[in-house]
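Inspection log for the structure reproduced underneath, given as structure tokens.
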Amino acid sequence: MEVVVCVKRVPATAGKITLTEDEVDTKFLSFAVSPHEECAVEEAVRLVEAHGGSSTVLTLGPAEAADQLRDALAMGIGEAVLLETDGTEWDAVATARAISDAVSARREQGRGLDLLLFGNESADTGDFQVGVRVAHALDLPCVTGVKALQIADGRAVAKRQVGSGWEVFEVDLPAVLTIKEGINLPRYPSVPGRLRAKKKEIERIVPERRPAGPERLRLHLPPEQERGVQILGTGPEAAPKVVEILREIGVMAQ
Amino acid sequence: MILVFVEHEAGVPLATSLESLTLGRRLSKVMGLPLHASVAGDGARGVAGALGAYGASAVHAVEDPRIADYAPTAWARALAQVAEAGDARVALAAATDRGSEVMAHVAAIAGLPLAASCVAVAAGDPFVVTRQRFGGSLLEDARIDAGLKLLTVAPYAVPPEEVEPAVEPEIRTVAPDLMEGDLRVRLTGREAADDGRVSLSDARVVVGGGRGVGSADGFRSLEELAGLLGGAVGVSRAVTSLGWRPHAEQVGQTGARIAPDLYIACGISGAIQHMVGCKGAKRILAINTDAEAPIMAKADYAVVGDLRGVLAAVIEEIRRLGSS
Ligand SMILES: Cc1cc2nc3c(=O)[nH]c(=O)nc-3n(C[C@H](O)[C@H](O)[C@H](O)COP(=O)(O)OP(=O)(O)OC[C@H]3O[C@@H](n4cnc5c(N)ncnc54)[C@H](O)[C@@H]3O)c2cc1C
Ligand SMILES: Nc1ncnc2c1ncn2[C@@H]1O[C@H](COP(=O)(O)O)[C@@H](O)[C@H]1O
């Protein structure tokens with residue numbers, strides 16, 4: 001089983017986002033990949049553990065995105081590819097083209113491909129499309145939003161969650177799957193895993209940027225929803241006040 | 001034309017599709033173009049009548065027994081063909097799982113950019129959309145230059161508006177010209193959810209628990225309160241990452257979006273990725289030991305204190321009132 005998984009380096013902040021002139025201010029931020037992609041990485045590692053073969057993590061981003069590749073290597077991914085940019089933002093069309101070119105090139109070099117995994121959407125731009133575009137470029141079937149997966153006999157049974165339960169899709173491999181958080185619980189990398197990851201060689205490719213739009217004009221913060229908090233009290237003594245509010249809102253069973 | 005992809009369940013259009021249709025109608029007015037809808041799947045033409053109330057003058061019903069059930073690529077192929085045949089200037093869908101997926105396929109088939117999760121559109125020259133990033137914690141204005149503009153519409157961004165009087169849409173049958181590869185991905189089965197609990201997205205009350213709950217066991221009191229109020233339990237990502245609760249209960253950017261009458265957030269700090277999931281709540285009550293926690297500023301009501309003591313007292317008070 002040959003698995004390639006694509007991740008994207010994004011700024012991670014739990015607090016308020018602040019903006020510089022035209023960018024998210026990342027001076028005080030750490031970076032991560034989206035939770036969906038973390039689960040895609042975990043899934044790739046598990047698939048190779050279960051079926052043998054090898055896994056590769058791929059990202060398009062600045063040189064610093066090597067950190068995110070090393071995180072994936074530390075979790076147990078075998079190889080890493082960096083499609084290195086100068087740090088400017090790439091749109092989904094350009095990103096998908098660079099990724100498909102890189103994957104095609106690998107296949108031309110005789111590397112197998114059974115599964116190409118993506119996150120359902122990236123954490124920053126949330127375009128919901130890079131995986132689908134790559135599937136078209138490579139003429140592969142694609143199931144999105146996968147939250148349960150079984151592989152047997154060259155086929156994937158992929159399920160996704162809907163309000164009333166699950167939808168099931170069956171596709172032949174090779175296939176593109178976009179993964180949703182919840183499919184698994186990603187492992188914490190072990191210390192030896194981290195040490196090994198540090199020493200691994202990362203393959204670097206410099207793709208050509210061909211923007212296709214939409215063209216970003218400006219970023220701005222959504223209007224703050226000021227709810228004007230009313231403090232009901234401190235500790236258990238606040239209970240009667242809380243229940244009064246529950247009645248007022250009309251959520252108490254009568 | 002302005003073309004809207006409409007999703008439906010057993011012949012009833014989804015509310016999110018009516019939102020897209022409403023945005024589509026605004027664009028059709030500004031751009032002076034007719035508003036059409038495209039519907040696929042079993043019972044497609046049955047949906048037409050309901051769409052007239054939202055101003056659709058024509059409904060393209062995709063009828064092909066091979067793709068009567070959901071088939072993302074094939075449905076997208078049909079939509080792309082309707083758009084091309086009718087020289088559509090804008091094609092849009094709700095940013096739901098299916099809407100986002102179908103539009104991504106349309107974009108890939110047509111080789112055009114796609115603006116995802118839009119909340120507003122200024123249909124001038126240039127054509128500028130405002131779209132969500134970071135799950136909605138940040139907005140972006142972006143221009144689209146393609147002849148056919150493709151976009152998805154963020155849920156709740158455009159309240160559905162009916163037209164007076166309703167129009168009687170013309171129904172046109174679409175027999176799509178499918179390629180072999182389009183049929184590779186089709187819905188092959190459905191499985192029911194395995195529990196009969198109140199679903200998060202429908203619950204009128206959600207009792208949310210975060211890292212402050214302290215352990216998987218700690219959720220008993222949250223479940224009890226949710227039970228008393230006929231609600232559901234929701235959690236933060238800290239909780240699912242620790243394996244205390246299943247991911248199906250996670251609220252936020254990579255979890256469920258909820259819109260209950262009341263969200264009771266216990267031991268949750270209020271990270272932006274969590275808040276984008278619960279900002280649809282009519283009221284938020286936060287219970288937190290830290291009066292300075294970010295959630296305190298984003299709530300309507302707050303209790304400062306240990307959630308264990310507060311919940312126990314609230315539960316006791318509800319029971320006391322119930323038995324008197
Ligand atoms: C791309 C991305 C996507 C994400 N998606 C999501 C998502 O979908 N959903 C989500 O929730 N998070 C998401 N996160 C994670 C998010 O940033 C936060 O890390 C997470 O929400 C924190 O969970 P928490 O509030 O439970 O924990 P903490 O931030 O650790 O907060 C715990 C709170 O509990 C309080 N507390 C402690 N003990 C008690 C007590 N005894 N009684 C009362 N209060 C107490 C503390 O004061 C504190 O405020 C995402 C992050 C990223 C980067
Ligand atoms: N720059 C990138 N490098 C590698 N993979 C990416 C990149 N951008 C997006 N992806 C992948 O495509 C998925 C969907 O991204 P998006 O279409 O931006 O929502 C992400 O979850 C990643 O798996």
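- Contact of Val314(B) with chain A is made through backbone and side chain together, with heavy-atom distances under 4.5 Å.
- Across Ala115(B), Ser137(B), Ala256(B), the residue that shares the most heavy-atom pairs under 4.5 angstrom with chain A is Ser137(B).
- For the residue pair Gln250(B)/Arg237(B), the side-chain donor-acceptor check at 3.5 Å is not satisfied.
- Using modelled atom types and a 3.5 Å distance limit, the side chains of Ser199(B) and Asp202(B) yield a donor-acceptor pair.
- Of the atoms belonging to Arg186(B), it is backbone heavy atoms, and not side-chain ones, that fall under 4.5 Å from chain A.
- For a residue to count as touching a neighbouring chain, one of its non-hydrogen atoms must lie under 4.5 Å from one of that chain's; by this rule Leu185(A) touches chain B with the side chain only.
- Contact annotation for Thr289(B): neither backbone nor side-chain heavy atoms come within less than 4.5 Å of a heavy atom of chain A.
- For chain A, the nearby parts of Ser100(B) are the backbone and the side chain; heavy atoms of each come within less than 4.5 Å.
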* Step by step, work out the side-chain contact (heavy atoms from CB on, under 4.5 Å) result for Trp90(A) and Arg209(A). => CA-CA 7 Å; Trp90(A) 285 46; Arg209(A) 178 167 178 262; 3.3 Å; yes

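- Proximity to chain B is limited to the backbone of Leu140(A), based on heavy atoms less than 4.5 angstrom apart.
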* List the steps, then state whether salt bridge (Lys or Arg N to Asp or Glu O under 4.0 Å) holds for Lys8(A) with Glu37(A). => CA-CA 8 Å; Lys8(A) 180 180 190 185; Glu37(A) 292 154 30; over 6 Å; no

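- Ranked by heavy-atom pairs under 4.5 Å with chain B, the list Gly145(A), Ala158(A), Cys142(A), Pro186(A) is led by Cys142(A).
- The backbone N or O of His220(A) lies less than 3.5 Å from no partner atom in the side chain of Glu140(B), so there is not a single donor-acceptor pair.
- When the candidates Arg190(B), Arg143(B), Glu317(B) are compared by the number of heavy-atom contacts under 4.5 Å with chain A, Arg143(B) comes out ahead.
- Rounded to the nearest 0.5 Å, atoms CZ (Arg77(B)) and CG (Asp182(B)) are 4.0 Å apart.
- Between chain B and the options Gln230(A), Lys241(A), Glu224(A), the largest number of non-hydrogen pairs under 4.5 Å is found for Gln230(A).
- Interatomic distance, Arg216(A) CZ to Arg131(B) CZ, rounded to the nearest 0.5 Å: 10.5 Å.
- No donor-acceptor pair under 3.5 Å is formed between the side chain of Glu101(B) and the backbone N or O of Gln129(A).
- For Ile245(A), the part lying near chain B is the side chain, with the backbone staying farther off; criterion is any non-hydrogen pair under 4.5 Å.
- Residue contact with chain A, scored on non-hydrogen atoms closer than 4.5 Å, is absent for Val119(B).
- Using a 4.5 Å cut-off between heavy atoms, Met103(B) makes no contact with chain A at all.
- Proximity to chain A (any heavy atom under 4.5 Å) is restricted, for Ala297(B), to the backbone atoms N, CA, C and O.
- The choice from Thr125(A), Val93(A), Thr178(A), Val10(A) that makes the most heavy-atom pairs within less than 4.5 Å of chain B is Thr125(A).
- Between chain B and the residues Leu221(A), Val171(A), Asp139(A), Val242(A), the largest count of heavy-atom pairs under 4.5 Å involves Asp139(A).
- For a residue to count as touching a neighbouring chain, one of its non-hydrogen atoms must lie under 4.5 Å from one of that chain's; by this rule Asp306(B) does not touch chain A.
- The main-chain N or O of Ile268(B) is found under 3.5 Å from a side-chain atom of Asn288(B) such that the two form a donor-acceptor pair.
- Heavy-atom distances place the backbone of Lys282(B), and not its side chain, under 4.5 Å from chain A.
- For Leu228(B), the part sitting under 4.5 Å from any heavy atom of chain A is the backbone (N, CA, C, O) and nothing else.
- With a 4.5 Å cut-off on non-hydrogen atoms, Glu237(A) does not touch chain B at all.
- Contact annotation for Leu112(B): only backbone heavy atoms (N, CA, C, O) come within less than 4.5 Å of a heavy atom of chain A.
- Neither the backbone nor the side chain of Ser34(A) comes within less than 4.5 Å of any heavy atom in chain B.
- Chosen from Gly189(B), Gly135(B), Ala116(B), the residue pairing most often with chain A at heavy-atom distances under 4.5 Å is Gly189(B).
- Counting heavy-atom pairs under 4.5 Å between each of Leu138(B), Ile109(B), Val310(B) and chain A puts Leu138(B) at the top.
- No part of Glu316(B) comes within reach of chain A, as not one of its non-hydrogen atoms sits under 4.5 angstrom from that chain.
- With hydrogens and angles ignored, the 3.5 Å screen pairs a side-chain donor or acceptor of Ser122(A) with a backbone N or O of Gly126(A).
- Of the possible polar contacts, one joining the Thr152(B) side chain to the Ser117(B) backbone as a donor-acceptor pair under 3.5 Å is found.
- With a threshold of 4.5 angstrom between heavy atoms, Leu285(B) approaches chain A through side-chain atoms but not through N, CA, C or O.
- With respect to the salt-bridge test (charged N to carboxylate O, under 4.0 angstrom), the residues Lys147(A) and Glu167(A) do not qualify.
- In this structure a side-chain-to-backbone donor-acceptor pair under 3.5 Å is present from Arg184(B) to Gly181(B).
- For chain A, the option among Ile144(B), Val185(B), Leu187(B) with the highest count of heavy-atom pairs below 4.5 Å is Leu187(B).
- Between the side chains of Glu43(A) and Asn184(A), at least one donor N or O lies within less than 3.5 Å of an accepting N or O.
- In this structure, the side chain of Asp141(B) does not engage the main chain of Leu217(A) through any donor-acceptor pair within 3.5 Å.
- In terms of heavy-atom pairs under 4.5 Å with chain B, the best-connected choice from Val134(A), Asp172(A), Val132(A) is Val132(A).
- Interatomic distance, OG1 of Thr73(B) versus CG of Leu183(B), reported as 8.5 Å (0.5 Å rounding).
- Heavy-atom distances place both the backbone and the side chain of Thr254(B) under 4.5 Å from chain A.
- A cation-pi arrangement is found for Arg98(B) relative to Tyr70(B), the charged atom lying closer than 6.0 Å to the ring centre and inside a 45° cone about the ring normal.
- Contact annotation for Val157(A): neither backbone nor side-chain heavy atoms come within less than 4.5 Å of a heavy atom of chain B.
- Contact annotation for Glu38(A): only side-chain heavy atoms (C-beta onward) come within less than 4.5 Å of a heavy atom of chain B.
- For the 3.5 Å distance criterion, the side chains of Lys180(A) and Thr144(A) fail to qualify, holding no donor opposite an acceptor.
- Residues Arg204(B) and Asp261(B) are paired through a salt bridge, judged by an N-O separation under 4.0 Å between the basic side chain and the carboxylate.
- Counting heavy-atom pairs closer than 4.5 Å to chain A, the top residue among Gly309(B), Ala313(B), Ala299(B), Pro260(B) is Ala299(B).
- Comparing Ala238(A), Gly233(A), Gly15(A) by how many heavy-atom pairs each has under 4.5 Å with chain B, the most go to Gly233(A).
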